[in-house]
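For this chain, numbers begin at 1 and follow the sequence in order.
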Amino acid sequence: EVQLVESGGGLVQAGGSLRLSCAASKFTFDDYAIGWFRQAPGKEREGVSCISSSDGSTYYADSVKGRFTISSDNAKNTVWLQMNSLKPEDTAVYYCAADRISTCQAMMSLTDMPYDYWGQGTQVTVSS
């Protein structure tokens, strides 16, 4: 089955770090935009970060700039989101999505689109 699989979520204290992974199964990330999104209870989904597999360009939401870093390894079909200096407000379910047509700018703005692939989500909980 073609899918995206996220991992790496968990419980961490404020100020701590986590690294999320988004791995593609049975397809490659060539020419895809891969985005990380998050959704906290009672809140709308938010675009967090995105990377273009074609040119490596990256995008970050203002709320995570300087704290989160997105990276990718096309050979491994994996995208990582390194999250440092975590805050309680970062608590959410984090999802990755991949789309061949969209740009990162579009993906981060249109957070509920039926992109080519969505992962199942991984919970991140930051305690104060």
Side-chain angles (χ1 to χ4, degrees):
E1 181 182 356
V2 177
Q3 59 182 346
L4 288 176
V5 180
E6 301 106 332
S7 62
L11 173 64
V12 65
Q13 288 188 332
S17 298
L18 285 173
R19 188 172 85 150
L20 305 183
S21 299
C22 173
S25 174
K26 298 186 178 179
F27 77 101
T28 63
F29 276 152
D30 295 344
D31 298 322
Y32 277 83
I34 303 100
W36 282 99
F37 303 80
R38 65 187 181 187
Q39 189 164 21
K43 294 188 177 181
E44 293 185 353
R45 187 174 294 170
E46 173 189 17
V48 175
S49 184
C50 183
I51 188 166
S52 170
S53 66
S54 59
D55 64 8
S57 58
T58 58
Y59 171 94
Y60 297 95
D62 288 343
S63 58
V64 305
K65 279 180 182 176
R67 300 189 298 123
F68 291 10
T69 303
I70 192 169
S71 60
S72 67
D73 185 332
N74 286 356
K76 296 181 179 179
N77 290 317
T78 302
V79 169
W80 294 274
L81 185 68
Q82 178 68 43
M83 306 187 296
N84 298 330
S85 302
L86 282 162
K87 304 175 181 180
E89 51 263 44
D90 294 317
T91 295
V93 178
Y94 284 70
Y95 302 88
C96 65
D99 197 80
R100 178 159 276 180
I101 295 177
S102 296
T103 64
C104 272
Q105 185 174 9
M107 283 190 83
M108 293 293 96
S109 298
L110 303 172
T111 59
D112 286 324
M113 292 292 287
Y115 295 119
D116 292 341
Y117 304 105
W118 278 96
Q120 81 288 352
T122 185
Q123 176 71 46
V124 171
T125 303
V126 185
S127 63
S128 57

- [ ] Taking Gln39 for its side chain and Lys43 for its backbone only, find out whether a donor-acceptor pair lies under 3.5 Å.
- [x] yes
Open item on the list: Quick one: does any side-chain atom of Glu6 pair with a main-chain N or O of Gln120 as donor and acceptor, under 3.5 Å?
Closed with: yes
Open item on the list: Test your reading of the model: is there a side-chain donor-acceptor pair from Ser49 to the backbone of Tyr60, 3.5 Å cut-off?
Closed with: no
Task: Distance in Å, Tyr115 OH paired with Cys96 SG, rounded so as to fall on 0.5 Å steps - done: 13.5 Å
Open item on the list: Please check this pair: side chain of Gln3 against backbone of Gly119, looking for a donor-acceptor N/O pair closer than 3.5 Å.
Closed with: no
Task: Co-membership, hydrophobic cluster, residues Val64 and Val12, 4.5 Å side-chain - done: yes
Identify all side-chain donor-acceptor contacts of residues 13-36 below 3.5 Å with residues at least two apart in sequence or on another chain.
residue : atom : partner : partner atom : Å
Ser17   : OG   : Asn84   : OD1          : 2.9
Ser21   : OG   : Trp80   : NE1          : 3.3

Open item on the list: Atom CD of residue position Gln105 - does it have more than 12 heavy atoms of other residues, nucleotides or ligands inside 6.0 Å?
Closed with: no
Open item on the list: According to salt bridge (charged side-chain N to carboxylate O under 4.0 Å, His left out), does anything in residues 96-115 pair up with another residue at least two apart or in another chain? List the pairs.
Closed with: Arg45-Asp112
Open item on the list: Quick check against the 3.5 Å criterion: does Glu46 have a side-chain atom that pairs as donor or acceptor with the backbone of Arg38?
Closed with: no
Open item on the list: When you group the ILVMFWY residues by side-chain heavy-atom contacts below 4.5 Å and let the links chain together, are Val126 and Tyr95 in the same group?
Closed with: no
Open item on the list: So Met107 and Tyr59, do their side chains get closer than 4.5 Å, heavy atoms only?
Closed with: no
Open item on the list: Which label fits Trp118 and Phe37: parallel for a plane angle under 30°, tilted from 30 to 60°, or perpendicular past 60°?
Closed with: tilted
Task: Same cluster (ILVMFWY, side-chain, under 4.5 Å), Val79 and Met108 - done: no
Task: Cluster check Val93, Met113: I/L/V/M/F/W/Y, side chain < 4.5 angstrom - done: yes
Open item on the list: Using only atom types and a distance under 3.5 Å, with no angle test, would you say the side chain of Asp90 pairs donor to acceptor with the backbone of Val124?
Closed with: no
TODO: Step through the shown structure and confirm whether more than 12 heavy atoms of other residues, nucleotides or ligands are within 6.0 Å of CD1 on Ile101.
DONE: no
TODO: Calculate, to the nearest 0.5 Å, the distance between atoms SG and CG belonging to Cys50 and Leu81 respectively.
DONE: 11.0 Å
